[in-house]
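Computed over heavy atoms, backbone and side chain alike; hydrogens, waters and symmetry mates excluded. Residues take their numbers from the sequence shown, with the count starting at 1.
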Amino acid sequence: MYGKIDDLVKKAKLGEKEAKMELLKSYKPLILAQIKRYYFEKEEIDDLISEGYEVILKGIDKFDFSKGVYFSGYINTILRYHYLDKLKSKKYVLSLDKKISSKDSNISLIDTLESETDIEKEYLYRELNDELIKNIEKLTIRQKQIIVMFYLRRVNINDISDRLGISYRTVINTKKNALEKLKKLYSKN
């Protein structure tokens, strides 16, 4: 097999068109294999095949038998690198609205994506958080201090009473009144 290909390459180097056509015909499966390996868009296949033929024709002219390399291996390598270089330089723009549907359904890429965050839940959480901040602002200064220290900073009631210089019972009552006021403010909304 290699002997036949070597003969065709020698004839093609001398300018025989039939030999070049025979080589192009015999290497078309290799061109298609390289294209399938790196490209997925069917619209480009004809252009990519033509480029593969050009690469082979240039490869015939540049091939040097004295290097001791098989022509098939040489062509395989230059085709692979040609398509890889072309793929690297290509900018793909992929729309999430692109349809990937089969005949039965009409699904787009966006429909197949899963999100770890629930957008509705996140929105409601932020909305409630904003509302809580607004309602806390409506508390008295002492109530705000106690709510922030107890719930946000995780300070226990004894430490709160020591820091604020008020009795333990006053801290409990102020916290209770603040929570009742927050409940009323939420029930109004």
Side-chain angles (χ1 to χ4, degrees), residues 1-134 136 148 151-154:
M1 178 177 167
Y2 290 116
K4 180 182 175 186
I5 290 177
D6 287 347
D7 290 340
L8 287 172
V9 172
K10 287 175 186 174
K11 289 177 184 177
K13 282 178 120 358
L14 295 173
E16 280 190 35
K17 288 186 179 182
E18 293 84 22
K20 287 182 181 180
M21 292 303 291
E22 183 70 28
L23 283 170
L24 293 177
K25 184 178 168 186
S26 64
Y27 283 103
K28 185 174 181 178
L30 179 63
I31 293 170
L32 292 172
Q34 292 294 341
I35 291 170
K36 286 179 185 176
R37 178 183 248 171
Y38 302 112
Y39 292 90
F40 305 105
E41 295 179 21
K42 294 178 182 177
E43 301 87 35
E44 299 180 34
I45 288 183
D46 290 335
D47 292 336
L48 294 169
I49 291 171
S50 296
E51 287 179 24
Y53 288 148
E54 288 177 28
V55 168
I56 290 174
L57 291 173
K58 288 178 186 174
I60 291 170
D61 293 336
K62 292 181 180 180
F63 184 71
D64 185 4
F65 284 101
S66 66
K67 302 277 184 183
V69 177
Y70 289 114
F71 181 74
S72 295
Y74 172 73
I75 290 298
N76 186 23
T77 302
I78 63 174
L79 279 172
R80 180 174 358 122
Y81 285 110
H82 169 76
Y83 290 124
L84 274 173
D85 289 343
K86 184 171 178 64
L87 185 64
K88 285 179 188 176
S89 66
K90 185 172 181 166
K91 302 286 185 229
Y92 279 102
V93 177
L94 183 63
S95 171
L96 292 177
D97 292 326
K98 183 177 180 181
K99 301 294 180 194
I100 57 169
S101 63
S102 63
K103 295 174 185 173
D104 301 335
S105 63
N106 212 7
I107 299 172
S108 62
L109 282 174
I110 192 91
D111 296 331
T112 63
L113 297 177
E114 288 187 29
S115 174
E116 291 185 22
T117 59
D118 182 357
I119 295 172
E120 290 176 36
K121 189 176 180 181
E122 184 71 22
Y123 176 77
L124 286 174
Y125 174 78
R126 286 185 181 164
E127 195 172 281
L128 288 172
N129 203 20
D130 291 344
E131 191 175 342
L132 176 62
I133 291 169
K134 287 178 189 173
I136 288 175
V148 168
Y151 289 105
L152 299 178
R153 295 191 184 137
R154 304 281 189 213

*Name all pairs fulfilling the ring-ring contact (aromatic ring centres under 6.0 Å, His included) condition that reach into residues 6-33, sequence neighbours left out, sorted by first residue then second.*
Y27-F71

*Looking at NZ of K58 and CD1 of I56, how far apart are the two atoms once the value is rounded to the nearest 0.5 Å?*
12.5 Å

*Who pairs with R153 by salt bridge (Lys or Arg N to Asp or Glu O under 4.0 Å), at least two apart in sequence or on another chain?*
none

*Non-neighbouring partners of K86 that pass salt bridge (Lys or Arg N to Asp or Glu O under 4.0 Å), sequence neighbours left out*: E51

*Spacing of CG belonging to D130 relative to CZ belonging to R126, to within rounding of 0.5 Å*: 9.0 Å

*Sequence neighbours excluded, which residues qualify as side-chain contact (heavy atoms from CB on, under 4.5 Å) partners of T77?*
R80, Y81

*Search all heavy atoms of Y83 against all heavy atoms of L48 and return the closest pair with its distance.*
OH-O, 2.6 Å

Mind listing the side-chain donor-acceptor pairs of residues 13-24 below 3.5 Å, one per line with the distance, residues two or more places apart or on another chain?
unit_1: K13; atom_1: NZ; unit_2: I60; atom_2: O; d: 3.0
unit_1: K13; atom_1: NZ; unit_2: D61; atom_2: O; d: 3.0
unit_1: K13; atom_1: NZ; unit_2: F63; atom_2: O; d: 2.9

*Could you grab the distance from atom CG of N129 to atom CG of L124, nearest 0.5 Å is fine?*
12.0 Å

*Hey, could you give me the OH/CD1 distance between Y53 and I31, rounded to the nearest 0.5 Å?*
5.5 Å

_Distance (rounded to the nearest 0.5 Å) between Y123 OH and L128 CG_ = 10.5 Å

_To the closest 0.5 Å, what do you measure between CD1 (I35) and CG (L79)?_
8.5 Å

*List in chain and number order the residues that pass side-chain contact (heavy atoms from CB on, under 4.5 Å) with K67, two or more places apart in sequence or in another chain; answer none if no residue qualifies.*
D64, V69

_Any side-chain heavy-atom pair of I5 and S72 under 4.5 Å_ = yes

